[in-house]
Structures are given as structure tokens and as C-alpha cells.
Amino acid sequence: MEAVEVLDALDYHHKQIAYHQAQSLRVLAEYAIACEGEEFFDAEIAAAMRWTSRWTTDQIALALDLASRLPQTLDALEKGEIDFYKARVLHDQTMPLSADLAAEVEARVLAKAAGQTGAQMRQLTRRVVMKVDPAGHEERARERRKQRCTGLDSVEDDMARIWAFLPAQLAAACSARVDAIARQAHTPSDPRTLDQVRADVFADLLLATPDKTSAVKVELYVTVSAATLLGLSSQPGELAGYGPITAELARDLAGDATWRRLLTDPATGEALEFGTSTYRPPAALRRFVWTRDRTCRFPGCMRPSHESDLDHTVPFPRGSTSAANLGAFCRRHHRVKHRTAWQVSQPKPGRFCFRSPAGKTYERQPEPVLGDPPPF
């Protein structure tokens with residue numbers, strides 16, 4: 001193909017994608033309006049689309065906003081004049097504004113958006129919002145400071161990204177301090193790069209006092225096979241809240257640890273039964289179910305099991321407090337299970353079957369606690 005043909009084809013297909021994204025948002029907005037007042041109606045959408053709860057909520061909010069307050073943006077997306085990212089930018093930046101101010105921002109930004117990159121349009125939108133609503137911008141900045149928080153994102157190959165949402169001046173000061181300490185510590189003979197030293201300094205500042213001892217004790221839950229610990233297998237371990245880790249890292253973490261035995265089925269790798277007669281699961285049973293389930297069992301949810309509730313599939317005391325009748329459900333999906341027409345069963349320990357209010361069925365199978373069962 002000639003270059004011009006390639007460019008024309010790309011332009012055509014991207015406009016088609018934008019058109020269908022706009023149609024999807026229109027359908028979603030119509031459904032949300034029809035379900036107004038129904039609690040947890042979004043759980044049906046999340047399960048069917050294999051979306052997380054947060055993404056589903058965001059998509060519904062976006063669809064409703066574009067269909068009602070920003071109709072010109074939705075029209076521009078439908079025509080392929082802007083892409084989904086640009087539509088999302090207008091939605092995000094104008095959410096705090098009144099309908100009139102949002103319409104003013106929309107008109108001023110869309111006049112230039114087609115000829116800009118997404119980054120350029122985002123900067124333009126921020127400037128326009130600040131100009132049309134300077135007092136509101138200052139108030140939002142004060143409210144944003146109340147939302148400061150931290151979080152952890154898993155990435156591949158035994159790595160993760162820890163982040164903090166801070167006022168700009170504090171974030172800049174933290175970054176400058178880490179950089180200054182790292183530059184002092186980084187010598188010509190140091191085999192580490194300056195970026196590596198910055199990362200090490202950051203971890204040292206958080207985890208250790210000047211005498212290198214931690215002021216606050218934390219627990220990490222690691223699941224690893226005996227064969228891997230003995231160096232007879234290279235099967236990965238599992239770090240709670242993160243996911244699979246290499247055998248090498250699992251062995252390193254095991255060097256200074258408190259051990260608890262967990263028996264698994266040699267054929268499937270699934271955790272075996274553990275039970276009690278009380279309503280509240282004892283600590284050992286809680287750890288067992290956390291390890292078996294890994295995440296909230298609701299379709300598509302990835303909330304770590306140790307941050308979730310342990311729910312009786314069949315209510316206690318009719319149902320026992322045992323691994324065969326317990327499952328990890330995040331607080332939101334725990335409420336979905338008990339307050340809506342969703343039906344949940346556990347035909348075998350760790351295997352959950354769901355029937356939605358719309359009559360669709362879903363299944364979450366137990367995962368081998370240490371990856372693929374034998375034969376490997």
C-alpha cells in the first residue's frame with residue numbers, strides 16, 4: 001500500500017471505532033436512565049462485560065454526562081472528529097462545573113480539539129476551566145487536598161509501583177529530597193544507576209529508622225511450595241495483594257518468616273478443606289480462604305481477598321463456617337449478594353456459581369494456589 005492509502009485507511013478505521021464507542025455510550029446512558037433508582041444495577045453490566053466495578057461506574061458516569069451535559073462532545077465522537085480519550089478529557093475536566101459553564105468549556109475546546117493531540121487538548125481544557133471558573137478552581141484545589149492517599153499497582157516481573165496523591169508542593173519536596181539523598185549516596189564506584197539509587201532511597205526512607213530497624217511491623221503473606229523452597233522446583237510463589245512471584249524471590253522472602261502449613265490437592269493444586277463450628281472464622285480459616293480465593297469471587301472483581309469480607313454462601317447457622325461455605329467478597333459485592341436478586345452457590349469448595357437478575361450465569365473456578373497443577 002502507498003503511504004496515502006495507509007493514512008486514509010487508518011483515518012477511516014479510527015473514525016469507525018469512535019462511532020461505535022459513541023453508540024456504546026448512548027446505549028449505556030439509556031440503560032442507566034431506565035434503571036434509575038435501582039441499587040447495584042451496574043453489577044449486571046460489570047459481569048456481562050467483564051469490567052471491574054470501578055471501571056463500570058466510571059463508564060456509566062461518562063455515558064450519562066456526555067448524553068446530558070456534553071452532547072456536542074458525544075456528537076463529535078460519533079462523527080470521528082475527536083477520539084474517546086478527548087471525550088474523556090472533557091468529561092473529567094468539566095465534572096465539577098455547572099451545566100452552563102461546562103457547555104462554555106465544551107464549545108471553546110471543541111473548536112480546536114480536532115487539530116490537537118490528546119495531551120495538547122488536555123492542557124487547553126485545564127486552562128479554559130480555570131479561566132471560566134477561577135473561584136471554583138481554588139475551592140476544588142482545597143477539596144483535592146483532602147483526597148490525598150497512597151496506593152500500590154502491580155506490574156510484571158516481581159515489580160510494583162507505589163504512588164502517593166499529594167499536594168503539588170509536598171510531592172515536589174518529596175521528590176527533591178529523594179533526589180538529593182540519592183545524588184549524595186551515588187558514587188562513581190556504585191554499580192547502580194542514579195534512578196536505582198533513588199528507588200532504594202525511597203524504600204529506605206519509608207521502611208527504616210536511622211538505625212535500619214523498622215518502627216512499624218508489617219506482614220507479607222507468601223504462598224510457596226516445599227519443592228520450590230528446597231530448590232527442587234522453579235514454580236512461582238504467590239505474594240498476597242500482588243500476584244505470582246518468581247521462585248527466587250519466594251525463597252528470599254522465606255529466609256526470615258513464620259511458617260504455616262497449607263495442604264493442597266496434588267492433582268489440581270487447590271487448597272483442601274478447613275472447618276469450624278463458630279460463626280466468626282478463626283484466624284487459620286481466614287488465612288486459608290484468603291489463600292484459596294486470592295481475590296473477591298464476584299465475576300471480574302480483582303480486590304485482594306485479604307482486603308475482603310468472608311461471606312457465608314449459605315447463611316449461618318444453616319450453612320457452616322467452613323471453607324466449603326465461605327468465600328471472599330469485597331464490601332461492595334458482599335452488599336450486592338445480600339441486597340439484590342443475585343444468586344450465589346458454591347457447589348464445591350472454592351467454585352462459585354452466579355445467576356444474575358437478568359438470568360445470565362457466571363462461574364469463578366478455584367485457582368491452583370501455586371500456579372498450574374502437575375504435570376507442569
Side-chain angles (χ1 to χ4, degrees), residues 1-38 40-129 132-133 299-302 356-360 362:
M1 294 177 67
E2 296 291 335
V4 67
E5 293 178 304
V6 172
L7 297 176
D8 287 344
L10 284 173
D11 181 64
Y12 170 79
H13 288 300
H14 276 272
K15 285 182 176 178
Q16 289 297 304
I17 290 170
Y19 170 81
H20 288 292
Q21 287 173 324
Q23 296 307 306
S24 176
L25 289 169
R26 291 191 191 280
V27 170
L28 190 55
E30 290 174 4
Y31 182 71
I33 292 170
C35 294
E36 188 175 4
E38 294 183 25
F40 303 124
F41 78 90
D42 54 320
E44 186 84 60
I45 298 171
M49 298 303 296
R50 274 66 175 181
W51 290 347
T52 64
S53 294
R54 177 174 294 180
W55 178 253
T56 304
T57 301
D58 288 348
Q59 289 298 103
I60 292 172
L62 172 63
L64 288 170
D65 193 44
L66 294 183
S68 59
R69 293 202 320 151
L70 301 171
Q72 300 306 314
T73 301
L74 190 54
D75 287 344
L77 178 64
E78 190 172 58
K79 296 172 184 176
E81 295 171 352
I82 62 172
D83 57 23
F84 185 83
Y85 175 81
K86 292 179 179 180
R88 184 76 199 221
V89 165
L90 268 168
H91 160 71
D92 291 344
Q93 297 291 329
T94 61
M95 277 183 62
L97 303 182
S98 67
D100 289 342
L101 288 179
E104 182 179 348
V105 173
E106 178 185 46
R108 293 172 63 173
V109 171
L110 287 179
K112 298 181 179 180
Q116 294 183 319
T117 66
Q120 289 171 331
M121 182 195 150
R122 189 175 192 90
Q123 289 290 343
L124 171 63
T125 307
R126 290 177 62 185
R127 287 195 298 269
V128 174
V129 168
V132 303
D133 189 29
C301 188
M302 294 298 291
S356 78
K360 290 186 173 292
Y362 306 93

Asks: Below 4.5 Å, heavy atoms only, C-beta onward: do R122 and Q93 meet side chain to side chain?
Replies: yes
Asks: About how many Å separate CD1 of I33 and CG of L28, when rounded to the nearest 0.5 Å?
Replies: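 Rounded to the nearest 0.5 Å, the CG-CD1 separation comes to 10.0 Å.
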Asks: Taking the side chain as C-beta and beyond, is there a heavy-atom pair between L25 and F84 under 4.5 Å?
Replies: yes
Asks: Evaluate side chain to side chain contact (heavy atoms under 4.5 Å, CB included) for R88 paired with D58, printing each intermediate quantity in order.
Replies: CA-CA 10 Å; R88 184 76 199 221; D58 288 348; 3.6 Å; yes
Asks: So do Y85 and M121 actually touch side chain to side chain, heavy atoms under 4.5 Å?
Replies: no
Asks: Is there a side-chain contact between V27 and Y31 (heavy atoms, below 4.5 Å)?
Replies: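 Side chain of V27 against side chain of Y31, heavy atoms only: no contact under 4.5 Å found.
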Asks: Identify the two heavy atoms, one from A67 and one from A29, that lie closest to each other, and give their separation to 0.1 Å.
Replies: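 Smallest interatomic distance, heavy atoms only, reads CB-CB, 3.9 Å.
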Asks: Just verifying a value: how many Å separate Y12 OH and I17 CD1, rounded to the nearest 0.5 Å?
Replies: 11.0 Å
Asks: Do the charged groups of K79 and D75 touch, with an N to O distance under 4.0 Å?
Replies: no
Asks: Are any non-hydrogen side-chain atoms of R26 and E78 less than 4.5 angstrom apart?
Replies: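 Yes - at least one pair of side-chain heavy atoms lies under 4.5 Å apart.
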Asks: Looking at every non-hydrogen atom in both residues, tell me the closest pair between L90 and L110 and how far apart they are.
Replies: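 The answer is CD1-CD2, 3.8 Å.
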Asks: Crowded around E5 CD? As in, over 12 foreign heavy atoms under 6.0 Å?
Replies: yes
Asks: With rounding to the nearest 0.5 Å, note down the distance linking CG in L64 to CD in Q59.
Replies: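 Result: 11.0 Å between the selected atoms.
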Asks: Pairs in or reaching into residues 46-56: which pass side-chain hydrogen bond (donor to acceptor under 3.5 Å, both in side chains), with residues at least two apart or in two chains?
Replies: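 Of all non-adjacent pairs touching residues 46-56, those that pass side-chain hydrogen bond (donor to acceptor under 3.5 Å, both in side chains) are S53-H333.
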Asks: For the atom pair CE (M95) and CG (L70), what is the distance rounded to the nearest 0.5 Å?
Replies: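 One gets 10.5 Å once the value is rounded to the nearest 0.5 Å.
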Asks: I need the C35 SG to I60 CD1 distance, nearest 0.5 Å.
Replies: 8.5 Å
Asks: Does any N or O in the side chain of K86 come within less than 3.5 Å of the main-chain N or O of Q116, such that one atom is a donor and the other an acceptor?
Replies: yes
Asks: For S356 versus Y362, what's the shortest heavy-atom pair and its separation?
Replies: CB-CE1, 4.2 Å
Asks: Nearest heavy-atom pair of L66 and L74: which atoms, and what distance?
Replies: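 Scanning both residues completely, I find the closest heavy atoms to be O-CB, 4.0 Å.
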Asks: List the steps, then state whether side chain to side chain contact (heavy atoms under 4.5 Å, CB included) holds for V129 with T125.
Replies: CA-CA 6 Å; V129 168; T125 307; 4.3 Å; yes
Asks: I need the single residue from V4, V6, D11 that forms a side chain to side chain contact (heavy atoms under 4.5 Å, CB included) with D8. Which is it?
Replies: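 Exactly one pass, corresponding to V4.
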Asks: Might you point out which heavy atoms bring L97 and V105 nearest each other, and give the distance in Å?
Replies: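 Scanning both residues completely, I find the closest heavy atoms to be CD1-CG2, 3.8 Å.
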Asks: With rounding to the nearest 0.5 angstrom, report the CD1 to OG1 distance, I82 to T73.
Replies: 5.5 Å
Asks: How close do P299 and A47 get, heavy atom to heavy atom, and via which atoms?
Replies: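 Nearest pair, atom of P299 first, then A47: CB-CB, 4.1 Å.
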Asks: Can you list every pair that meets salt bridge (Lys or Arg N to Asp or Glu O under 4.0 Å) and has a residue in residues 97-106, with sequence neighbours left out?
Replies: E104-R108
Asks: Should Q123 and R126 count as side-chain neighbours, where that means a heavy-atom distance under 4.5 Å?
Replies: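 Yes, close enough: below the 4.5 Å cut-off.
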Asks: Report yes if some heavy atom in the side chain of T94 is under 4.5 Å from a heavy atom in the side chain of V109; otherwise report no.
Replies: no
